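Everything numeric here is computed off the predicted structure, so don't read it as measured data.
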Amino acid sequence: MVVQSSVEAVEEALKKQQEAEKRMCSLELLMKMERIDAACQLEKTKRQMKKKTMEIEKQRDFGWLGLLICCLLFIIFVFIW
């Protein structure tokens, strides 16, 4: 009787340990997935920032081009009149 209850206690302890190990594996997997998700999010943010930077540079280049055209037109009109 005492041996049987000891065996049951050991089996119960093993079952609890296995459940704890499963939870730990699940937690580790979740943490790994969150790290991957965070890395993907970071990469997406980097791409968005690069795209915005390129748009700003393009606008700035068009601004300089517009200024150059205005100056050339001004010079042409000065020489014509």
If you measure from [atom1] on [X] to [atom2] on [Y], what distance do you get to the nearest 0.5 Å?
| X | Y | atom1 | atom2 | result |
| --- | --- | --- | --- | --- |
| Thr45 | Lys50 | OG1 | NZ | 14.5 Å |
| Lys58 | Met54 | NZ | CE | 7.5 Å |
| Ile36 | Gln41 | CD1 | CD | 14.0 Å |

[X] vs [Y] side-chain heavy atoms within contact, under 4.5 Å:
| X | Y | answer |
| --- | --- | --- |
| Glu19 | Lys22 | no |
| Glu43 | Arg47 | yes |
| Glu8 | Glu12 | no |

Exercise for the section: Answer yes if Val78 and Ile69 sit in the same cluster of Ile, Leu, Val, Met, Phe, Trp and Tyr residues linked by side chain heavy atoms under 4.5 Å apart, and no otherwise. Expected result: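 Unlinked, Val78 and Ile69 end up in two clusters.
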Problem - same_hphob_cluster(Phe62, Leu73) at 4.5 Å side-chain heavy-atom cutoff - result: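 Yes, same cluster.
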Problem - Hydrophobic cluster of Leu72, others only, ordered by chain and residue number, side-chain cut-off 4.5 Å - result: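 Reading the cluster by chain and number, Leu72 sits alongside Leu68.
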Handout entry: Lys32/Glu28 under side-chain contact (heavy atoms from CB on, under 4.5 Å): CA gap, chis, key distance, verdict
Key = CA-CA 6 Å; Lys32 188 181 288 186; Glu28 289 173 351; over 6 Å; no
